[in-house]
**Student:** 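Structure provided below as structure tokens; questions to follow.
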Amino acid sequence: MPCLAASETPCARIPHSVARNLSFSCITNRPTVRRMTLTTEQSAAEQFWSDADRHLVRYGASFTPEIIERAAGSFVYTADGRQILDFTSGQMSAILGHCHPAIVETVQREIASLDHLFSGMLSRSVVDLARRLAESLPPPLEKALLLTTGAESNEAAIRMAKLVTGKHEIVAFAKSWHGMTHAAAAATYSAGHRGYGPTPPGNFAIPTPNPYRPDFTTADGELDWQRQLDYSFALVDAQSSGSLAACIVEPILSSGGIIEPPPGYFAALAGKCRERGMLLIVDEAQTGLCRTGTWYAFERDGIVPDILTLSKTLGAGLPLAAVITTEEIEQRAHERGYLFYTTHVSDPLVAAVGNTVLDVLQQEQMDVRARELGEFLRAGLLDIRDRHDVVGDVRGRGLMQGIELVLDRESREGSDVLGAHVTRRCLELGLHMNVVQLAGMGSTFRIAPPLTTTREELALGLEILDQAIGEAAPA
């Protein structure tokens, strides 16, 4: 392996203040301290990155080259005193901002009285949260299973659909992301399939309805989503063994590039499912609980899923997820021996946090706030698009927006390199942006600030993004 200069790989992972004092081993590619005196701060940072390099499993893209010490509201703070505006709500989860006082108070109170129970025991917080989720949803969604992560909730939902229908085939979008556990990963097509061996039989991908890059077009060049949908299910029918159990979808595909299927699509998709006796599972890990300007993103389309999964936003950054379904489906699953018994099912501490999240969302009318701030954010992004030719598209809803950078607006060819440059420059200027970190999709930014963000914070983020694009874009 060739030696790496301190201005290459080190700077992609280690702050410049530390990286300039390091050299890299030709054998291990691990940093070694040069023969010079380091400050205490530099020594601590160098030790941190050395330990990270030596002891952490790399589970995805590169780590952000900052040591984060604390977070509050819309900002995270680094070990060297930098303030960074968080335009992703952590992992699209901290919808009430970091360390919201109501969440902090709940955790401090509950951890001292009721933290964790045997999985067969129930607490008031669990039953209250199940009831309140049902009250926030249209009938007949009224039965909840409380879990931890999005992958786990999707795993439980798919397992339930298979048991209830007596079938096993699952349909999902080709740019989907539903998690990294067994069935959830099998229904995830944007990444993670290569090298892991065969997935369970009966998993089918259908084309993602992408208005910016339409594959089926009308006479005027717009996406012909009805023809695409008909074609998709013709392919599904041709491959199916007659055992179609469910279709699982995100209302807005986040990892797929903030792709929002057009109005009418999901109603038609629900019809395709009914025709085949399939259940419709809607995964609202990122879109649920006010982020898009309504309590649930599926409301726009006038549909009610058979099974709804929630996660990220429900715990506002803590591990809490839910599967919500109808009494009929739950009864049938129970009669057939539904089993999803986990260590942290119905945990009381995070359920109490979930109730606090609902309190804040309701009391502060966060659906209205997300809608109004989303309009402000979108207007700013459109203004950036008008000033920079490399911005090809702005899309999304509420406080879940995306922008796509392109080399050329005519060809709409994306650029992972440009996306990486803008991401890096934003971080240097004090803004954390999340570009889709998948090969060939690294030019689409996912913007999901906390619902508690202010116009001034949004304006600051837009200003930094505008500057970063201007500096990174080719002349």
Side-chain angles (χ1 to χ4, degrees), residues 116-172 178-179 181-184 186-187 200 202-203 242-249 270 273-274 276-285 288 296 298 303-311 314-315 319-352 354-355 358:
H116 167 72
L117 293 172
F118 170 68
S119 297
M121 291 181 174
L122 290 176
S123 63
R124 292 187 185 278
S125 60
V126 166
V127 175
D128 286 347
L129 182 55
R131 171 182 51 78
R132 295 180 67 187
L133 286 172
E135 291 171 351
S136 74
L137 286 159
L141 294 172
E142 59 182 38
K143 290 274 194 172
L145 170 65
L146 301 183
L147 300 165
T148 54
T149 68
E152 190 181 34
S153 63
N154 289 328
E155 195 79 22
I158 291 171
R159 190 174 176 89
M160 180 180 289
K162 288 180 176 181
L163 183 66
V164 166
T165 62
K167 304 174 184 178
H168 71 276
E169 294 172 340
I170 304 295
V171 176
H178 297 293
T181 56
H182 188 61
N203 284 274
S243 189
L244 290 167
C247 180
I248 183 168
V249 294
C273 291
R274 284 193 301 271
R276 292 160 177 79
M278 303 168 65
L279 300 184
L280 177 61
I281 304 170
V282 174
D283 175 2
E284 294 230 21
Y296 301 98
F298 71 74
I303 63 168
V304 178
D306 298 295
I307 303 175
L308 172 70
T309 62
L310 302 173
S311 51
L314 182 58
L320 176 62
V323 178
I324 307 165
T325 190
T326 69
E327 181 180 9
E328 178 185 1
I329 291 174
E330 190 276 341
Q331 179 64 30
R332 197 178 312 165
H334 176 68
E335 290 169 353
R336 297 185 179 185
Y338 182 66
L339 181 64
F340 207 86
Y341 205 88
T342 75
T343 301
H344 294 286
V345 64
S346 296
D347 255 7
L349 174 61
V350 287
N355 280 304
L358 296 186

**Student:** Quick check for you: to the nearest 0.5 Å, what is the distance between Leu308 atom CG and Thr326 atom OG1?
**Tutor:**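 Between Leu308 CG and Thr326 OG1, I get 12.0 Å after rounding to 0.5 Å.
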**Student:** Can you list the steps and then say if Thr165 with Met278 is a side chain to side chain contact (heavy atoms under 4.5 Å, CB included)?
**Tutor:** CA-CA 8 Å; Thr165 62; Met278 303 168 65; over 6 Å; no
**Student:** Quick one: closest heavy-atom pair of Leu339 and Arg159, and the distance?
**Tutor:**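 Scanning both residues, the minimum pair turns out to be O-NE, 3.0 Å.
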**Student:** Scan side-chain atoms only and decide if His344 and Thr148 contain a donor-acceptor pair under the 3.5 Å cut-off.
**Tutor:**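 The criterion, which ignores hydrogens and geometry beyond distance, is not satisfied for Thr148 and His344.
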**Student:** Would you say that more than 12 heavy atoms from the other residues, nucleotides or ligands in this model lie under 6.0 Å from the NE2 of His334, or not?
**Tutor:**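 Atom NE2 in His334 is not packed in, count stays at 12 or less.
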**Student:** Minimum heavy-atom separation for Pro305 to Val282, with atom names?
**Tutor:**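 Closest approach of Pro305 to Val282, heavy atoms only: CB-CG2, 3.5 Å.
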**Student:** Please check if the side chain of Asp283 supplies one atom and the backbone of Ala285 the other of a donor-acceptor pair under 3.5 Å.
**Tutor:**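 Yes; at least one donor-acceptor contact below 3.5 Å.
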**Student:** What closest approach, in Å, do Ser153 and Leu310 show between heavy atoms, and which atom pair accounts for it?
**Tutor:**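 Minimum heavy-atom separation between Ser153 and Leu310: OG-O, 3.8 Å.
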**Student:** Drop me the distance from Met121's CE to Ser346's OG, to the nearest 0.5 angstrom.
**Tutor:**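 The CE atom of Met121 sits 12.5 Å away from the OG atom of Ser346.
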**Student:** Quick one: CD on Glu169 to CG on Leu244, what's the gap to the nearest 0.5 Å?
**Tutor:**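 Interatomic distance, Glu169 CD to Leu244 CG, rounded to 0.5 Å: 4.5 Å.
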**Student:** Could you check whether any side-chain heavy atom of Ile170 comes within less than 4.5 Å of a side-chain heavy atom of Lys162, counting everything from C-beta outward?
**Tutor:**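 Yes, their side chains come closer than 4.5 Å.
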**Student:** May I ask you to decide if Asn355's main-chain N or O and Arg132's side chain share a donor-acceptor pair within less than 3.5 Å?
**Tutor:**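 Flag set: sc Arg132 to bb Asn355 pair under 3.5 Å.
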**Student:** Taking all non-hydrogen atoms of both residues, which atom of Ile324 and which atom of Ala144 are closest, and how far apart?
**Tutor:**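 Closest approach of Ile324 to Ala144, heavy atoms only: CG1-CB, 4.2 Å.
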**Student:** Is there a donor-acceptor contact under 3.5 Å linking the side chains of Thr181 and Glu155?
**Tutor:**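 A pair is found: one side chain offers a donor N or O, the other an acceptor, under 3.5 Å apart.
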**Student:** Report yes or no: do Asn154 and Thr309 form a side-chain donor-acceptor pair below 3.5 Å?
**Tutor:**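 There is such a pair (donor and acceptor under 3.5 Å, judged by atom type) between the side chains of Asn154 and Thr309.
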**Student:** What I'd like to find out is whether the side chain of Leu117 reaches to under 4.5 Å of the side chain of Pro348, using heavy atoms alone.
**Tutor:**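 In contact.
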**Student:** With rounding to the nearest 0.5 Å, note down the distance linking OG1 in Thr325 to CD1 in Ile307.
**Tutor:**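 Here the interatomic distance stands at 4.5 Å.
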**Student:** So His178 and Ile248, do their side chains get closer than 4.5 Å, heavy atoms only?
**Tutor:**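 A side-chain contact under 4.5 Å exists here.
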**Student:** Please find the pair of heavy atoms, one from Ala352 and one from Ser125, that lie closest to each other, and give the distance.
**Tutor:**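 What the structure gives for the nearest pair is N-CB, 3.8 Å.
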**Student:** So Asp306 and Ile329, do their side chains get closer than 4.5 Å, heavy atoms only?
**Tutor:**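 They are in side-chain contact.
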**Student:** Checking side-chain polar atoms at under 3.5 Å, does Gln331 have a donor or acceptor matched by the opposite partner on Glu327?
**Tutor:**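 Judged by distance alone, the side chains do not pair up.
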**Student:** Once you round to the nearest 0.5 Å, how far does CD1 of Ile281 lie from SG of Cys247?
**Tutor:**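 Reported to 0.5 Å precision, the distance equals 8.5 Å.
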**Student:** Taking it one step at a time, do Leu129 and Leu320 satisfy side chain to side chain contact (heavy atoms under 4.5 Å, CB included)?
**Tutor:** CA-CA 11 Å; Leu129 182 55; Leu320 176 62; 4.0 Å; yes
**Student:** Once you round to the nearest 0.5 Å, how far does CG of Leu141 lie from CZ of Phe298?
**Tutor:**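 Taking CG in Leu141 and CZ in Phe298, the distance rounds to 6.0 Å.
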**Student:** Where do Val345 and Phe340 land on the side chain to side chain contact (heavy atoms under 4.5 Å, CB included) test, with the steps shown first?
**Tutor:** CA-CA 8 Å; Val345 64; Phe340 207 86; over 6 Å; no
**Student:** Tell me which one of Val171, Val304, Ile303 satisfies side chain to side chain contact (heavy atoms under 4.5 Å, CB included) with Leu280.
**Tutor:**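 Of Val171, Val304, Ile303, side chain to side chain contact (heavy atoms under 4.5 Å, CB included) with Leu280 is met by Ile303 alone.
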**Student:** Would you sort out whether Leu145 and Tyr338 count as a side chain to side chain contact (heavy atoms under 4.5 Å, CB included), showing the intermediate values?
**Tutor:** CA-CA 12 Å; Leu145 170 65; Tyr338 182 66; 4.0 Å; yes
**Student:** Quick check: closest heavy atoms across Leu314 and Ala321, and the distance to 0.1 Å?
**Tutor:**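 Of all heavy-atom pairs spanning Leu314 and Ala321, the closest is CD2-C, 4.0 Å.
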**Student:** Return the set of residues passing side-chain contact (heavy atoms from CB on, under 4.5 Å) with Arg336 (not counting sequence neighbours), or none when no residue passes.
**Tutor:**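 By the side-chain contact (heavy atoms from CB on, under 4.5 Å) rule, Arg336 matches Leu163, Arg332.
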